[in-house]
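The residues of the chain are indexed from 1 along the displayed sequence.
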Amino acid sequence: LILSQDACTLDVTKVTKPSATDNCAAVSVRLDSVFRIEEGLPWGVPTQQLTALDCDSFLIRWVAQDACHEQLKNDTLTQIILIEDHTKPSAVCVDLINLSLGNNGNRLHYQAIDGGSYDACGIEKYEVSRDEINWDSVVAFSCEDAHKPVKVYLRVTDQKGNHNTCWMTVKVEDKIAPICSDLPDIT
């Protein structure tokens with residue numbers, strides 16, 4: 001099952017029940033138990049967590065019952081479901097940043113570029129780049145960047161490895177006046 005775009009969990013109590021038939025009476029089907037599968041072993045999921053299963057593999061046990069006979073008859077069906085998050089996070093960049101250079105250039109942190117990126121399951125990593133190849137938490141600027149627009153990319157990655165990118169422009173300014181050193185006297 002693939003989670004919807006705005007969901008991070010699945011309510012297994014709302015999953016469509018299997019159908020069951022009987023030649024004697026009406027059959028009721030109920031969710032009996034849910035197990036998380038980890039390293040090939042089933043681990044019971046507490047009832048209070050059934051409405052918020054996260055991305056993982058689960059074994060669901062359904063029980064079909066009828067009351068036609070003097071004793072209660074039932075049948076058990078197991079179903080394996082895999083809950084996946086395939087939705088990319090929403091990457092949101094600010095429009096434009098004016099950045100002043102210092103004596104040693106300047107750096108811009110991803111937080112200055114992020115304009116409110118989000119994901120229903122949470123963002124695990126923010127990275128910035130000038131070339132979409134070399135990613136880090138900051139990008140550096142130097143005198144070579146002065147007085148020209150520089151495109152900067154923001155990549156956000158969610159907890160399941162889905163990622164998305166946006167870009168914005170940085171206007172790099174050099175506002176430091178040049179300093180002349182004293183010249184020697186000429187005689």
Side-chain angles (χ1 to χ4, degrees), residues 1-16 31 34-39 43-60 79-177:
L1 298 172
I2 297 173
L3 294 173
S4 65
Q5 186 171 358
D6 59 347
C8 189
T9 60
L10 175 77
D11 183 350
V12 75
T13 64
K14 295 184 178 175
V15 170
T16 304
L31 177 65
V34 176
F35 300 90
R36 181 181 300 272
I37 302 171
E38 291 183 11
E39 298 180 13
W43 299 87
V45 175
T47 305
Q48 64 271 21
Q49 294 178 10
L50 296 182
T51 58
L53 297 181
D54 57 353
C55 294
D56 211 339
S57 300
F58 295 90
L59 174 79
I60 300 176
Q79 175 184 27
I80 301 225
I81 62 168
L82 176 62
I83 302 171
E84 298 178 334
D85 174 13
H86 288 242
T87 303
K88 293 180 179 184
S90 294
V92 181
C93 289
V94 297
D95 288 335
L96 175 68
I97 291 179
N98 291 343
L99 182 74
S100 295
L101 292 173
N103 288 334
N104 297 317
N106 204 340
R107 295 169 22 139
L108 196 59
H109 195 267
Y110 75 81
Q111 290 175 327
I113 297 169
D114 181 38
S117 302
Y118 61 93
D119 184 79
C121 299
I123 294 177
E124 181 151 319
K125 184 170 38 171
Y126 295 83
E127 299 169 293
V128 288
S129 174
R130 292 179 57 162
D131 58 10
E132 291 190 280
I133 297 169
N134 301 298
W135 296 93
D136 202 344
S137 61
V138 296
V139 288
F141 299 90
S142 65
C143 290
E144 290 90 37
D145 301 313
H147 308 295
K148 55 186 164 187
V150 178
K151 188 182 274 189
V152 176
Y153 301 89
L154 170 69
R155 179 170 66 186
V156 292
T157 305
D158 70 13
Q159 295 176 356
K160 295 301 175 186
N162 303 307
H163 60 86
N164 208 348
T165 306
C166 61
W167 63 270
M168 52 83 61
T169 302
V170 176
K171 182 179 177 185
V172 182
E173 300 173 339
D174 178 7
K175 295 183 178 182
I176 298 176

Exercise for the section: Give the intermediate values and the outcome of side chain to side chain contact (heavy atoms under 4.5 Å, CB included) for residues Tyr126 and Asp114. Expected result: CA-CA 9 Å; Tyr126 295 83; Asp114 181 38; 3.6 Å; yes
Problem - Beyond-backbone contact of Asp85 with Asp119, side-chain heavy atoms, under 4.5 angstrom - result: yes
Practice task
Please tell me if the side chains of Leu108 and Val128 come closer than 4.5 Å, counting only heavy atoms from C-beta onward.
Solution key: no
Handout entry: Closest heavy-atom pair and its distance - Val156, Ala91
Key = CG2-CB, 3.7 Å
Exercise for the section: Please confirm whether the backbone N or O of Ser90 pairs with a side-chain atom of Asn164, one donor and one acceptor, at under 3.5 Å? Expected result: no
Practice task
Looking only at non-hydrogen atoms, find the nearest pair between Ser129 and Asn134 and report the distance.
Solution key: OG-O, 2.9 Å
Completion exercise
From the list Val15, Ile81, Leu82, side-chain contact (heavy atoms from CB on, under 4.5 Å) with Phe58 holds only for Ile81
Exercise for the section: Side-chain contact test, heavy atoms from C-beta onward, threshold under 4.5 Å: evaluate it for Trp43 versus Leu59 and give yes or no. Expected result: no
Practice task
State the NZ-OG1 distance between Lys148 and Thr169, to the nearest 0.5 angstrom.
Solution key: 14.0 Å
Practice task
Give a yes or no on this: more than 12 heavy atoms of other residues, nucleotides or ligands lie within 6.0 Å of atom CZ of Arg107.
Solution key: no
Problem - Student check: side-chain heavy atoms of Lys171 and Pro149 closer than 4.5 Å - result: no
Exercise for the section: Assess whether side chain to side chain contact (heavy atoms under 4.5 Å, CB included) is satisfied between Leu101 and Glu173, documenting all intermediate values. Expected result: CA-CA 6 Å; Leu101 292 173; Glu173 300 173 339; over 6 Å; no
Practice task
For Leu154 and Cys93, work out which heavy atoms get closest and say how close.
Solution key: CB-SG, 3.7 Å
Problem - From Glu132 atom CD to Thr165 atom OG1, the distance as rounded to the nearest 0.5 Å - result: 6.0 Å
Exercise for the section: Nearest 0.5 Å please: distance from the CG atom of Asp54 over to the CG atom of Leu10. Expected result: 10.0 Å
Completion exercise
Smallest heavy-atom separation, His163 atom then Arg155 atom, equals ND1-CD, 3.8 Å
Practice task
Find the distance between CH2 (Trp167) and CD1 (Ile113) and round it off to the nearest 0.5 Å.
Solution key: 12.5 Å
Exercise for the section: Report the C-alpha distance between Thr157 and Asn162 in whole Å, list the side-chain angles of each, state the deciding distance to 0.1 Å, and finish with yes or no for side chain to side chain contact (heavy atoms under 4.5 Å, CB included). Expected result: CA-CA 6 Å; Thr157 305; Asn162 303 307; over 6 Å; no
Practice task
Could you tell me whether Asp131 and Lys151 have a side-chain N and a carboxylate O separated by less than 4.0 Å?
Solution key: no
Handout entry: Sub-2.5 Å SG contact, Cys121 and Cys55
Key = no
Handout entry: Side-chain touch Ile80/Phe35, heavy atoms, less than 4.5 angstrom
Key = no
Problem - Check: Ile123 and Ser117 side chains under 4.5 Å, non-hydrogen atoms - result: yes
Handout entry: Asn98 atom CG, neighbour heavy-atom count above 12 within 6.0 Å
Key = yes
Completion exercise
Value for OG (Ser137) from NE2 (His109), rounded to nearest 0.5 Å, stands at 4.5 Å
Problem - Residues Phe141, Val152; criterion side chain to side chain contact (heavy atoms under 4.5 Å, CB included); working and verdict - result: CA-CA 11 Å; Phe141 299 90; Val152 176; 3.9 Å; yes
Exercise for the section: Find out whether Arg130 and Asp145 are in side-chain contact, i.e. whether some heavy atom of one side chain is under 4.5 Å from a heavy atom of the other. Expected result: yes
Exercise for the section: With the side chain counted from C-beta on, respond yes when Leu50 and Asp11 share a heavy-atom pair under 4.5 Å apart, and no when they do not. Expected result: no
Handout entry: Gap between atom SG of Cys8 and atom CG of Leu53 - 0.5 Å precision
Key = 11.5 Å
Fill in the blank from the handout: Nearest heavy-atom contact between Leu99 and Asn106 is CD1-ND2, 3.4 Å
Completion exercise
Correct closest heavy-atom pair for Ile97 and Met168 would be CG1-CE, 3.6 Å
